[in-house]
K.L.:
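Can you keep this structure in mind? I'll have questions shortly.
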Amino acid sequence: MDFGLSQDQQILRDAVARCLADTSPLEHVRECAGRDNPLSDTIFGALHDLAVPAMLVPEEHGGLGMTLLDAAVVAEQLAYAVTPAPFLASVVLAPIALSEAGTNKQKCQWLPKIARGEARIGVAISATVQARDGAGVQFVEGKLSGTALFCLDFEGADAYLVADAGGRLHLVPALASGLKATRLTTIDRTRSVGELSFAAVETDPLADDGGTASARLRDAGRVILAADSLGAGQAMIEKAVDYAGQREQFGRPIGSFQAVKHMCAEMAARHEPCRALVWYAAHVFDALPEDASLAACHAKSLTGDVHRFVARTATEVHGGMGFTDLLGLHYWFKRIGFDRQVLGGPEAVRAEAAALQGWTRAA
Amino acid sequence: MDFGLSQDQQILRDAVARCLADTSPLEHVRECAGRDNPLSDTIFGALHDLAVPAMLVPEEHGGLGMTLLDAAVVAEQLAYAVTPAPFLASVVLAPIALSEAGTNKQKCQWLPKIARGEARIGVAISATVQARDGAGVQFVEGKLSGTALFCLDFEGADAYLVADAGGRLHLVPALASGLKATRLTTIDRTRSVGELSFAAVETDPLADDGGTASARLRDAGRVILAADSLGAGQAMIEKAVDYAGQREQFGRPIGSFQAVKHMCAEMAARHEPCRALVWYAAHVFDALPEDASLAACHAKSLTGDVHRFVARTATEVHGGMGFTDLLGLHYWFKRIGFDRQVLGGPEAVRAEAAALQGWTRAA
Amino acid sequence: MDLDYGPQYDAFRAEIRAFINAHRHLAPPSATRFSRPSAEAIRWQKLLIEHGYTARTIPAEYGGYGAAPDILKSRIIAEEFSRARLPSGLANQGISMLVPTLLELGTDEQKRRWIAATLTGEVVWCQGYSEPGAGSDLANLKTSARIENGEFVINGQKIWTSTAKQADMIFCLVRTELEASKHSGISYLIFSMDIPGIEVRPLKTMTGHAEFNETFFTNVRVPVDQIVGQRGQGWFVANATLGHERGMLGDPDALENRLQALIGLMQQESIGEGRAIDNAVLRDRLVALQAEVTAMKCNGMRILSNSLKGEPGGMAKLIVKLQSCEVAHQISALAIDAMGEMGILYHRSPRERDGGAWQWNYMFQLGLIIGGGTAQIQKNIIAERGLEMPREPKLARISDEAKGAAGMQTDRQGAA
Amino acid sequence: MDLDYGPQYDAFRAEIRAFINAHRHLAPPSATRFSRPSAEAIRWQKLLIEHGYTARTIPAEYGGYGAAPDILKSRIIAEEFSRARLPSGLANQGISMLVPTLLELGTDEQKRRWIAATLTGEVVWCQGYSEPGAGSDLANLKTSARIENGEFVINGQKIWTSTAKQADMIFCLVRTELEASKHSGISYLIFSMDIPGIEVRPLKTMTGHAEFNETFFTNVRVPVDQIVGQRGQGWFVANATLGHERGMLGDPDALENRLQALIGLMQQESIGEGRAIDNAVLRDRLVALQAEVTAMKCNGMRILSNSLKGEPGGMAKLIVKLQSCEVAHQISALAIDAMGEMGILYHRSPRERDGGAWQWNYMFQLGLIIGGGTAQIQKNIIAERGLEMPREPKLARISDEAKGAAGMQTDRQGAA
């Protein structure tokens, strides 16, 4: 029994943290965030040196065969440094999808390249959570038609994984004919999303598993978004505490005022249990798959609410300075905003959690 | 245009406040709260001297023909002094029901007596809000059968007004044969509630108006409960501020600590707009009946949430002393708890408000 | 309690509606928040002044309409233009803050020279109050003005000067008596933004826009007669102005408009087969906010009635700013949640709703809540003035050396 | 990450389950919170000690089971008895606080005389720490003990002495060195509650019950050897004990049990045709609380793992008390809301649910949150120890006269 990170995971965490402290300083984040394509090749290169792209690729395909908990550990660090690098879709979801539901040919074609950092795959499964704007992709007579919103790790993807209306996953090369890809911009300029519209596009479908693989992706995605929120929240709390310790008013640091101290304590009290919950949700994804969906819902919805509170409160502790662009605090604020909404906001995710437990009566 | 209390209403408010300061001191409240029947004859007598029981009785029946806003003004003061006296059902709801839907005979029989303080009528309409424990009263072949929960101003009532499953109101003498009355006790020992069970009881029905009158009672009841919550919240805020100004820690009053000050300011900021809303809801009950139901829902649900916050926070400001019985703070805490739940908690009432505006799709 | 305005006012309201119907084609499109008024906007402003719908109580000799104050009529004007979604005239800091100050404390020459030109939008002002180290306490300000050859020579820095880029002029608090006690060493100066030595740097906020600026003064020379009120009395001059600030009254119409927009959004926004408003959890939050907005509207009417009777606003007034900002922020938060993933679109993205207004509001309102410690200050005001709670113990015990050091530290932080 | 306890522990768990199945008929009914243990409860306690399911690591010579410490086994015991809804032995302040203190700092004679008798429930203790004026700062306490003829003579008052009515003995902090600095003048005494001069008055709380007492000492004479640790070291003795307090670890099992009860309630409670859990708004709150409870359970496992490795609990541990109390309070609040009007029934009313436990919990948990300023203190601890934020400036600046006056004022308030 050991509820916590293994020594290897701690080493991984520290290595990624050090790497990002070097390669993802705030100036670089600012620069990337100002571009149409924010994803930083420098950072991706450095992560590649740490073998991050190979993490979830099975060993027989040239990867490291690591777990979602390993990925969550990395996600937390990426958010801590508001890193503008592809990760959620291309490093986590795509390898899981291919491993769990890809054909042998797909695996051999893509997994080694992903592991070597030579191929990046964007993932568009948001319609399996909530269809907005009539989005949805139909798989008819071997071809895809319709629209998929919120494709993650959009820029620079060599191919996209898309869930059709039945939940089946399809691999579509970025240059496929009949496919139109449009950039979407969000508050969070450190991530890249886009929409894909399909006009009878040829597809290379993954296993017809009744939506199992796309549901797994949803779970994994939620856990990683929760881990991201955790890392961003951690950074914001630390920044608030530091600022409060330095900034003086009435001749003493504002951090010595009870009201400010209690704001920080409330952030910590709500934030800290999220860490154990995220670890748990990541762990059971591999170790206890039957508990994975519920745990993912809990992790996603709790961090969604807790870190909205943290984002606001940490900004408040900074006063006017937190509202300006000067300290860049808003990059973390927006990263948390992104994590909250993508793949289902807290209310939507809680409704799913209720349904999973049979608490929702058929209408 | 004058949004506020008239001079007469201010005089009424001050007179009731003075009267209760004399007749409803905490020791008397404690004494009453320890009894099975908490309703105080002394206080009711003093209120009678101020003609409170006659307030809502029309002038032609020996009353003062006043408005629900007048009643709300009184309700606020009653709660401010956690007064154990009959009011909501017997002084407010019964006269409204009889005036709006009573037969001429019923009016002549009951209204003058109510005005003179000689008759008290309990009111049981909670099944029109939410049927719990299978409660409900059927009106079949001229007789009532079933159970009505949460009859208000239960003790000492000479008769009860009960809504049947169709929303029609019935007047039943307390001693009617086949009627069994059972006391219920709640956290709030300053009010009196009970349940009525009917086994083919003869009834004297009010107008068959399709539930109009009972819906009006629900609106009026909610406004008065909101006004009650307002008065109790006002008292709790004042007590917290007083206590914080007197109690010292670390050599200064705790009220000079920023954290305590901000707790009090947050209570005031949320509490104060409730006052205007309660006035508005009470006013439109008479002046703009088409707006009454929605305004009553808003007043009831907002005070329900705001004053739960106030009750907790004011108790927190008092520290351990607020948790003990010594200062009696809990009488107000529990009065607010009662106001929140009776005639629909915030969620239930908001669902009604949504339906009133056509925001709820038929399932 | 009487919600009717009476026949005289009903007639006035009808008259405004007729005016709006007849002239709405002349109204300028809603301006970007901090731009100079367009020619269209200036024409519209003049038309409104002419009819007494703005600058209503300002004497005609200074370019106003010259009517006697009538709070109800002002209220009706605000209601009708809000309902029609038309600008009820220019709203800028020159009009809301400088003009009332000049009317009260300006010399006759100052009034003649500046008020009319400000009202018509020909002269645009910015406000120079806040400083990096004096956000929550104006008395702490450090921008200095020494006298040299009959001129003030100004050095220092202001922050949150919203229209500094567009402004012709600034009204500005500076420390003229360095040795005087904190509040009494300040003067209120007005001067041109074209004077050499003024540098304006845009201050970008979390919204991604530069709604504010930082303004730096290096040996800026201003004639000594460009002062409003007495030397060393600037703190009191500014405080008179702060009382005029519209924000203190809150704007229930604005809150109502945001709520209506939210209702519309939730009725349109689809989630699968349904609409956002069909989701019981989101709908519950919507109704809760509707109750809050209704309460703030009622509270506004109560304050209005108190003013009509010449009674103080009391607690009802003190809580408006804190509570309105919070409710507005919550409205934006719910809108974002109701949009789901679409809620984070911004920066003119395809599929973005309402031009990204919800996210902009969500962030900007947070800025209003925290800006210069506003929520904290508001809470102190409510506690100390409204609830008469004891003030923080005086800091007189801290030695002056410590204070000096702290001040510098503050400065460094502020400028970081 | 490894959630398995391993085969050795699985066997241990199986053994406990077998024990429970075989003996559950002997378990006493759940006791009223603050009563003396019944004969049945004492028999159960002895049975548990015999099997090593309680008093597990206390040396056999003092009446314990004498096993080596094994955090996992302790955890498994707690889990299994909680799952079976059986008392896992007596839980009182004598066992949780006094026994560990004596083990660490008692004399051999004290250990022999008191530990076994306490463990079996034959001697019942109460705790005398808090005082009306020293709720949030034990160092402030005023109950004094002067020495006269080889005895301490105690005068003063304690509050929140929960089992004082039932107790045979008290462990108590008193000020023995009046002139010493605040923390070093305190001693830790143990003495009989039968000594003349002790008066216990029930302290009724908002729940309507007297879960606590006030205890008054008037010239209570205690032999000087009834002291634990050195004279003047009582503050440190007590702090050693506070570390043992179970509450610091929180009790995720208790939280889980409350949550399960809430789920059951919401599945049973009918609203018209449906059940409370069918209401989407209430259900949303339920799932949100389930996530909080799951997080606290995971956090508990994390703390447990840290202990196993001999690592400090850190922030994960510091936040437990504050957060658990709050979540428990919210669980009760939702239960009340889910019951609608039935939620306010109390005092053994007809139709009352679960014996009024939800309302009792709602109020008692609020008491735990605020009791002696607990939430405030917890937040200070989190901020200062966990986040290393600066402490409040020292109060040394306040003159000693002011302190004296303040102390008296505090006293008067406390006793009001």
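Every chain is numbered from 1 and lettered A, B, ... according to where its sequence line falls, protein lines coming before strand lines. Values below: every heavy atom of this structure, side chains too, minus hydrogens, waters and symmetry copies. On a predicted model such as this, the values are computed, not experimentally measured, just so you know.
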K.L.:
Any ion pair linking D:Glu326 and B:Arg312 (charged N to carboxylate O, less than 4.0 Å)?
P.N.:
yes

K.L.:
Do D:Tyr129 and D:Lys158 have side chains that approach each other closer than 4.5 Å (heavy atoms only, starting at C-beta)?
P.N.:
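The answer is no; the side chains never approach within 4.5 Å.
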
K.L.:
If you draw the axis of the six-membered ring of B:Phe309, does the NZ or CZ of B:Arg270 fall within 45° of it and under 6.0 Å from the ring centre?
P.N.:
yes

K.L.:
Answer with side chain, backbone, both or neither: which region of D:Arg353 has an atom nearer than 4.5 Å to a non-hydrogen atom of chain B?
P.N.:
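The answer is the side chain of D:Arg353.
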
K.L.:
For the residue pair B:Met267 and B:Val306, establish whether any side-chain heavy-atom pair is separated by less than 4.5 Å.
P.N.:
no

K.L.:
Parallel under 30°, tilted from 30 to 60°, perpendicular over 60°: which one fits the rings of D:Tyr362 and D:His329?
P.N.:
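Parallel: the ring planes of D:Tyr362 and D:His329 meet at under 30°.
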
K.L.:
Counting only non-hydrogen atoms closer than 4.5 Å, does B:Thr182 touch chain D with its backbone (N, CA, C, O), its side chain (CB onward), both, or neither?
P.N.:
side chain

K.L.:
With a 4.5 angstrom heavy-atom cut-off, is it the side chain or the backbone of B:Phe150 that approaches chain D, or both, or neither?
P.N.:
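Side chain only.
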
K.L.:
What part of D:Ala280 gets closer than 4.5 Å to chain B, counting heavy atoms only: side chain, backbone, both or neither?
P.N.:
neither

K.L.:
Under a 4.5 Å heavy-atom cut-off, does chain D meet the side chain of B:Glu316, its backbone, both or neither?
P.N.:
both

K.L.:
Determine the option with the most heavy-atom pairs under 4.5 angstrom with chain B, choosing from D:Asp337, D:Leu345, D:Ile336, D:Val281.
P.N.:
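Top count of heavy-atom pairs under 4.5 Å with chain B: D:Asp337.
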
K.L.:
Is B:Phe333 in contact with chain D via its backbone, its side chain, both, or neither, using a 4.5 Å heavy-atom distance?
P.N.:
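The answer is the side chain of B:Phe333.
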
K.L.:
Is it the backbone or the side chain of B:Arg340 that comes under 4.5 Å from a heavy atom of chain D, or both, or neither?
P.N.:
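B:Arg340 touches chain D through side-chain heavy atoms alone.
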
K.L.:
B:Leu329 versus chain D, heavy atoms under 4.5 Å apart: side chain, backbone, both or neither?
P.N.:
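It is neither, since no heavy atom gets under 4.5 Å.
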
K.L.:
Within 45 degrees of the ring normal and closer than 6.0 Å to the centroid, is that where the cationic atom of B:Arg252 sits relative to B:Phe257?
P.N.:
yes

K.L.:
Please verify the inter-ring angle class for D:Trp160 with D:Phe212; under 30° counts as parallel, over 60° as perpendicular, anything in between as tilted.
P.N.:
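Because their plane-to-plane angle is over 60°, the rings of D:Trp160 and D:Phe212 count as perpendicular.
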
